[in-house]
Amino acid sequence: MTTYHELDPVEAKIAARDVSVFYGDQQALDRVSIDIGTEYVTAFIGPSGCGKSTLLRTFNRMNDTIANARVEGEVRLDGVDIYRSDLDVVQLRARVGMVFQKPNPFPKSIYENVAYGPRIHGLAVNRTELDAIVERSLRRAGLWDEVKDRLSDSGTALSGGQQQRLCIARAIAVDPEVILMDEPCSALDPIATARIEELIGELKGRYAIVIVTHSMQQAARVSQRTAFFHLGRMVEYGKTSDIFTNPREERTKDYITGRYG
Amino acid sequence: MSPVIPLLLVLGLATVGWLVARARARIFRRARPGGRLDSRPQYHAWFVALCAGLPAGLFALAWSAFSPGLVVMRVLQAPAAAALPAEGILRDAILAEAGALATRHATGAFHPLARTLVPAFEQAIAHYAQVGLAVTLLLGFATGTWAFLRLRPDFRARTQVERMIMAALLLASLAAILTTFGIFASLLAETWRFFRFVPPGDFLFGNHWSPDPMADVGPVATDSYGALPLFWGTFAIGVVIAMLVAIPLGLMSAIHLTQYASPALRRWVKPMLEMLAGVPTVVYGYFAALTVAPAVRRLGEALGLANPSSESALAAGLVMGIMIIPFVSSMADDAIAAVPAEMRDGSLALGATRFETIHRVLIPAALPGIVAGIMLAISRAIGETMIVVMAAGATARLTANPFESMTTVTFQIVAMLTGEGSFDHPATLSAFALGMVLFLVTLALNFVALRVVLRFRQAYD
Ligand SMILES: Nc1ncnc2c1ncn2[C@@H]1O[C@H](COP(=O)(O)OP(=O)(O)OP(=O)(O)O)[C@@H](O)[C@H]1O
Ligand SMILES: [Mg+2]
């Protein structure tokens, strides 16, 4: 039921097989199978309510926090089923980071925001190490130069774009292997958006990145793989260039040409 | 002087105004080509009725409040008043008796002089009643006529009536505020009288409290009016012991309700918890006196205390703490629930456990609201009376032992006001000074708490 384009065989960081998600009686996702690799950025596109966020949340089990959500099928991280009953969610989420639609820095200092993850996972034995992690993460998130003189200011006092990069730094600080981004730019202006897109380009290769976006241009700019979703199904999956220039499904074509009603 | 008759007359006047104005507006309407006015005849009617009734009615009420003073002034000019003593309580008492006799509220008087003043009183009362009635009616008639003369076919009566209703609503909302000022003013006056007997320094910082309501009014033993033990008792019971109970339990129940409880459980537990706040405090008082105090006493015995008292700060404080739980928990609940869900998700997505998320993110983020809730709870606790009256005891003691009885500001206010002392005895007046302290502390706590809550709201909007 999904049209897969020919892809170079890569090692899958995340492998989802026949994943269905239900909210109560309502099915939000219907037997989705997809491989996510570290070498590239994967974009999820599709109309509102088609299940993009839902699939994303199955990768770090954030659906667990929704009372009536139920997941079927299999999601493997490096070959290990993350829905196994003896799996430690805390460890999983340390390996699979997430950046949300709305920047959500904690009402703490910039430093404490970044140090939060390393602290709870005990990644630093002393202050010097912690300082180093904070600096490295802020540098990777492209925020260091802007905030290095005011690390003790509140994270909520930054601009929206800076807040979102702070959230990326916060996710990076626990040294994840995968970063999930759910419409990370939808609350940002074009300049801040460009900055984040640039950042995604820099992070590519180091982390497996999945980004949900409503912007076709953004998907085309930042991603190498694109999956199109419609009504809880993954309709088509392939190289971004193939999906945008040569979609095989009528619905995909309609959506990316803007004819989707 | 009773305002009933003037008010009834004003009502009649307004009714007449209403009917006449409506009739006139209908005549306007008939004369109009389309049969339409700017405002319906009812509005013309209400405009005239309100104009005729409101000022006159307010005047009648004000007159009934002020005229007794005028009456007394007039009576004092009567020849019979020359025999009155020059100053003091006796003079006031005689005047009051004479007034009561004249208005038939009393049939006999203790003081013979009162009787001689009755004719003067009756005469003055009648005089001012007539004056008041005349002014009321004239005023109503004048404003009513003025309003009636303003009626025109294109008169915007509706807008005018609307405006008057707005003014009335504004007055109603001012009433509560004015009452607060009134309370404060009367408290201030009595407190002032008390401080003429006992210097504020001795009162606030003295550590010995044993006022004798039966002692002579003359020179008072100011060293028996040291309120420090009362402040200490209030603090120990209402702040230390009660909060040791209420803060942990209230906070934990708020955390449970917002973070762990299923929606179904929450729907049940939250109203039940809030019901605790509706239990009459006298019922808590029984509970404290009959159940908790004996248990505390037995605990004291078990701990080897010699002769523990049956009333104790601990018993009162524990029960007060339970009473306060809903205040703390519902404020903390609101504060935690107001923290955006994204904050919690952000923490969970970093691999924080639920508890780490609560204590490192949610509680710090909600802290201002929680602190404000605690402050409101404290102000509630230190003003609480019934529980301490029934379980804390009457002995003013500066002690750190919670098994001993302590007394509080509120308890002493009750004791002083219900004692046998006369109303201008410093012992009685001390109740007002105590009330003043309580009022100011509570006001300050509430003020700060509300500011904190306001700031906190802005932070998340
Ligand atoms: N917490 C929830 N409880 C119940 N139903 C939900 C919940 N979250 C999502 N859904 C439903 O699941 C379906 C998929 O939602 P999802 O959020 O995954 O869509 P989406 O593709 O991310 O949409 P958008 O582009 O608007 O973010 C929708 O029909 C939605 O109503
Ligand atoms: Mg979504």
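Throughout, a chain's letter reflects where its sequence line sits, starting with A, and its residues are numbered from 1.
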A:Pro176, part contacting chain B, at a heavy-atom distance under 4.5 Å = neither

How about A:Asp25: does its CG atom have over 12 heavy atoms from other parts shown lying under 6.0 Å from it?
-> no

Are more than 12 heavy atoms from other residues, nucleotides or ligands located less than 6.0 Å from atom CZ of A:Arg150?
-> yes

Minimal heavy-atom distance between B:Leu350 and A:Ala171, with the atoms involved, is CD2-CA, 4.0 Å

Hits for salt bridge (Lys or Arg N to Asp or Glu O under 4.0 Å) against A:Arg76, two or more places apart or cross-chain, chain-then-number order -> A:Glu74

Portion of A:Arg170 that has a non-hydrogen atom of chain B nearer than 4.5 angstrom = both

Taking all non-hydrogen atoms of both residues, which atom of B:Gly346 and which atom of A:Phe106 are closest, and how far apart?
-> C-CZ, 4.0 Å

Per-residue contact mode, A:Val96 against chain B (heavy atom under 4.5 angstrom) | backbone

Residue pairs passing the salt bridge (Lys or Arg N to Asp or Glu O under 4.0 Å) test where at least one lies in residues 348-374 of chain B, sequence neighbours excluded = none

What pair of heavy atoms forms the shortest contact from B:Thr357 to A:Tyr116, and how long is it?
-> CA-OH, 4.0 Å

OH (A:Tyr23) with more than 12 external heavy atoms under 6.0 Å = yes

Could you grab the distance from atom OG1 of B:Thr353 to atom CD1 of A:Ile120, nearest 0.5 Å is fine?
-> 7.5 Å

Under 4.5 Å from any heavy atom of chain A - which part of B:Ser347 | both

Take atom OH in B:Tyr260; do more than 12 heavy atoms of anything else shown fall under 6.0 Å from it?
-> yes

Heavy atoms only: give me the nearest B:Ala349-A:Met98 pair and the separation to one decimal.
-> CB-CB, 4.0 Å

Can you check whether B:Met343's main-chain N or O pairs, donor with acceptor, with A:Asn104's side chain at less than 3.5 Å?
-> no

